[in-house]
Peer 1: 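This is the structure, below, for whatever I ask next.
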Amino acid sequence: MSKLHDKLAQQIPPFREQVKKLVKERGAQVISQVSIEQAYGGMRGVKSLVCDTSEVPPDKGLIIRGIPIAQLTDKLPEDILWLLLTGELPGKEEVEDLQAELRKRVAVPEYVWSVLRAMPADSHPMVMLNTAILVLEKESVFRQRYDAGMKKDEYWVAVLEDALNIIAKLPTIAAGIYRMRFGKGARIPSDPTLDWAADYAHMLGLPDPKGEFAKLMRLYMVLHSDHESGNVSAMTAATVNSALSDLYYALSAGLNGLAGPLHGLANQECLGWILDTNKKFGGRPTNEQLKKYAEDTLAAGRVVPGYGHAVLRITDPRFDAFLAFGKKYCAGDPVFDTVAAVFEVVPDVLKQVQKIKDPWPNVDAGSGGLLYHYGMTEFPYYTVLFSVSRALGICSQAVIARALGLAITRPKSVTTRWIQAQAPPPPAAAGV
Ligand code: AMX
C-alpha cells in the first residue's frame, strides 16, 4: 500500500467520527437561507455544500487546506495532490512514494487510442479527452469492487485507486490528443525520470531548450488544481459521484461542464480576444485602443473573457502568479505585453458597468498568453490543460466524499407557481 493510502487510512476514521458527531449534535442548525433571486440565479452564495480540499473567500482567492495559493506556486502538482487529500504538505519520501505510485499506473490501454483515432478529425479536444476518460471506465476499481460487494467503509480506498490511475494516465492521454488532433506527429513516450507536469510538457513535444515550458506546466497544474466545490465542474462531478457512479463517469461529466465558455473554455476565448486586438491594431495596441476595444465588446453585448468571477471580488491570485511568471520569462512578447496592458485598462472599463460585480481578472486572463509564447498556439486545447490540472481537485474531493459517506445529492426543486404563491415578507422585512 502507498504512503498516501496509509496516511489517509489513519486520518479518515477519526474525521468520519467528527463529522458524524457534528451532524448528530448540530444537524438542525441553519447555515444559509435561499432567496428567490438565488433560486433563479445559479444558487449563487447559497451555503449548501461541504468541501474540505479548498476554499475561495471572495476577498482572498484560492486557499488550499489553509494555505493561500500564492504560497504554493513553487510546489509540484504531486505536492498539491497530497495536500488536497491529507491537509498537509508531503515530506520528500512521501512525495517520492506518490510519484512512484503514479509512474506504475501511467500506461494507457491501446483501445483508448483506437477510439480517439476513430473520432472525427475536427472533434473538439475536450470531447476527445472526455471520451477517453469515459472509455477507460471499464478499468474502474470502484465499480469492480462494488459489484463484488465491497463494504461502505472501503469505498474511499477504491476511489483512491481510481483517482491515482486516472491522474497518472491523464498527461499521456492529453498529450496524445494534442499531437493527434493538431497533426504534431507520433506520440512521445512518457519519461519515467520526470515529475508529473514536466513529463506532460515533454510528451506535448514543444521545443523547450531552457526548461521554461516545463516550469510553466508545473505552475499551471498547481494553479488550476482546485477551486472549492460549488463551481460547475466540481459540483457536477460530485453530484454524479454521489450516485456511486465511479470516478470515470463523474470526472468526465464534470469536465463536460468545464468545456463551457463561462467556465473553463474562457481561457480559449480570452486568448482569442487578445489576438483579435493585436490583429486589429497591427501588434500590441495602445491603452487607449484597448479601452475602446473593451467598450466595443461590451456594446456588442459580449463579455470580456478572463474578467469577472462568480465568487471572487479581487484580482485572482492565480492571475497574479501567471503575470509574475510572464514578467520574468516572457517580457517583450507582444501577446504577453497585451495581456499585461489589458490588466491596466479593462478593470476600469468594467467598473463603469453597474451590474458587473467583479471587474478584476480571473485565472484565465493570464494563462493563454504564456502558452502562446511557448508555441502552444492551438487554443481549443487550453481547456484540456485546465482539465488535467482540475482532475487533481475533483478526484481528491471524491475520495473525501466517499470517505465521509456523503449522501446522494437531491435538493428540492419548486415551481414558479409555488414561488408566486408564497406570502411576501412583511414590509419591514422586505429586502433584507
Ligand atoms: N464582461 C462583460 N459582462 C460581464 C463580465 C465581463 N467580463 N462579467 C460579468 N458580466 C455581466 C454578466 O454577464 C451579467 O450580465 P447579465 O445580468 O446581463 O447576464 C452581469 O455582469 C452580472 O454578472 P456577475 O454577477 O458579475 O457574474 P456572474 O457570477 O453571473 O458570472 C462569470 C461570472 C465568470 C461567468 C462572468 O464574470 C463572465 O462571464 N466573465 C467572462 C467569462 C470568464 O472569464 N469566465 C471564466 C471564469 C473562471 C473560470 O471558471 N474559469
Side-chain angles (χ1 to χ4, degrees), residues 35 37-46 54 56 58-59 61-62 69 126 220-237 254-274 276-277 290-323 339 342-343 345-371 379-394:
S35 65
E37 188 182 22
Q38 287 169 315
Y40 284 101
M43 298 184 273
R44 197 72 82 257
V46 178
S54 67
V56 184
D59 59 339
L62 175 61
I69 190 68
M126 280 301 288
Y220 193 109
M221 294 295 130
V222 166
L223 295 182
H224 289 82
S225 58
D226 203 36
H227 220 228
E228 60 172 55
S229 74
N231 61 78
V232 166
S233 48
M235 192 164 85
T236 303
L255 297 181
N256 281 320
L258 197 72
L262 297 187
H263 194 13
L265 201 78
N267 52 16
Q268 160 178 342
E269 301 211 332
C270 203
L271 184 62
W273 194 85
I274 300 277
D276 286 348
T277 67
L290 274 178
K291 180 168 180 281
K292 172 87 175 49
Y293 195 80
E295 287 166 352
D296 289 349
T297 302
L298 295 177
R302 289 186 289 129
V303 297
V304 178
Y307 282 74
H309 201 273
V311 173
L312 290 176
R313 297 295 176 257
I314 50 160
T315 294
D316 190 331
R318 301 170 300 170
F319 172 81
D320 283 333
F322 277 136
L323 195 68
V339 168
V342 170
F343 179 42
V345 171
V346 162
D348 283 340
V349 174
L350 298 184
K351 278 181 207 164
Q352 306 307 315
V353 184
Q354 215 188 349
K355 67 178 180 179
I356 300 179
K357 298 192 190 70
D358 173 41
W360 302 108
N362 58 57
V363 68
D364 294 322
S367 54
L370 301 178
L371 297 169
F379 38 88
Y381 186 75
Y382 292 176
T383 315
V384 173
L385 293 170
F386 193 155
S387 302
V388 174
S389 170
R390 187 51 61 88
L392 300 174
I394 289 179

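Counting starts at 1 for both ligands and their atoms, following the listed order.
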Peer 1: Can you tell me the protein heavy atom closest to atom 48 (C) of ligand 1 and the distance?
Peer 2: D364 OD2, 3.7 Å
Peer 1: Taking only heavy atoms of A266, which atoms of ligand 1 are found under 4.0 Å from at least one of them?
Peer 2: 43 (C), 44 (O), 45 (N), 46 (C)
Peer 1: Within the side chain of T315, is there an N or O that forms a donor-acceptor pair under 3.5 Å with the backbone of P361?
Peer 2: no
Peer 1: Under 4.0 Å from a heavy atom of L298: which atoms of ligand 1 are those, numbered in the order shown and with their elements?
Peer 2: 1 (N), 2 (C)
Peer 1: Going by side-chain contact (heavy atoms from CB on, under 4.5 Å), name the residues that satisfy it together with K351, two or more places apart in sequence or in a different chain.
Peer 2: D348, P359, W360
Peer 1: Report yes or no: does N362 contribute a side-chain atom to a donor-acceptor pair with the main-chain N or O of H309 at less than 3.5 Å?
Peer 2: no
Peer 1: Evaluate the ring planes of H224 and F322, with Trp represented by its six-membered ring, and classify them as parallel (under 30°), tilted (30 to 60°) or perpendicular (over 60°).
Peer 2: tilted
Peer 1: Could you tell me the residue and atom name of the protein heavy atom closest to atom 44 (O) of ligand 1, and the distance to it rounded to 0.1 Å?
Peer 2: G306 N, 2.8 Å
Peer 1: Looking at CG of L223 and CZ of F386, how far apart are the two atoms once the value is rounded to the nearest 0.5 Å?
Peer 2: 10.5 Å
Peer 1: Tell me the nearest of P359, A310, S233, G41 to atom 33 (C) of ligand 1, using heavy-atom distances.
Peer 2: A310
Peer 1: What do you think, any protein heavy atom under 4.0 angstrom from atom 22 (C) of ligand 1?
Peer 2: yes
Peer 1: Measuring from atom CG of L371 to atom OH of Y382, what distance do you get when rounded to the nearest 0.5 angstrom?
Peer 2: 5.0 Å
Peer 1: Restricting to side-chain contact (heavy atoms from CB on, under 4.5 Å), what partner residues turn up for V303, sequence neighbours left out?
Peer 2: none
Peer 1: Under 4.0 Å from any heavy atom of Y307, which atoms of ligand 1 are there?
Peer 2: 6 (C), 7 (N), 8 (N), 37 (O), 40 (N), 41 (C), 44 (O)
Peer 1: When you measure from the heavy atoms of R44 to every atom of ligand 1, does any distance fall below 4.0 Å?
Peer 2: yes
Peer 1: With side-chain contact (heavy atoms from CB on, under 4.5 Å) as the test, would you mind laying out the steps for V339 and V342 before giving the verdict?
Peer 2: CA-CA 5 Å; V339 168; V342 170; 5.8 Å; no
Peer 1: Polar-atom distance check: V304 versus ligand 1, any N or O pair below 3.5 Å?
Peer 2: yes
Peer 1: Under 4.0 Å from atom 2 (C) of ligand 1, can you find at least one protein heavy atom?
Peer 2: yes
Peer 1: Which atoms of ligand 1 sit under 4.0 Å from any heavy atom of F386?
Peer 2: 51 (N)
Peer 1: Is atom 19 (O) of ligand 1 less than 4.0 angstrom from at least one protein heavy atom?
Peer 2: no
Peer 1: Would you mind listing which atoms of ligand 1 come within a distance below 4.0 Å of any non-hydrogen atom of H309?
Peer 2: 33 (C), 34 (C), 37 (O)
Peer 1: Would you please test N256 and T236 for side-chain contact (heavy atoms from CB on, under 4.5 Å) and show each step?
Peer 2: CA-CA 9 Å; N256 281 320; T236 303; over 6 Å; no
Peer 1: Checking contacts here: is it the side chain or the backbone of L262 that comes within 4.0 Å of ligand 1, counting heavy atoms only? Could be both or neither.
Peer 2: both
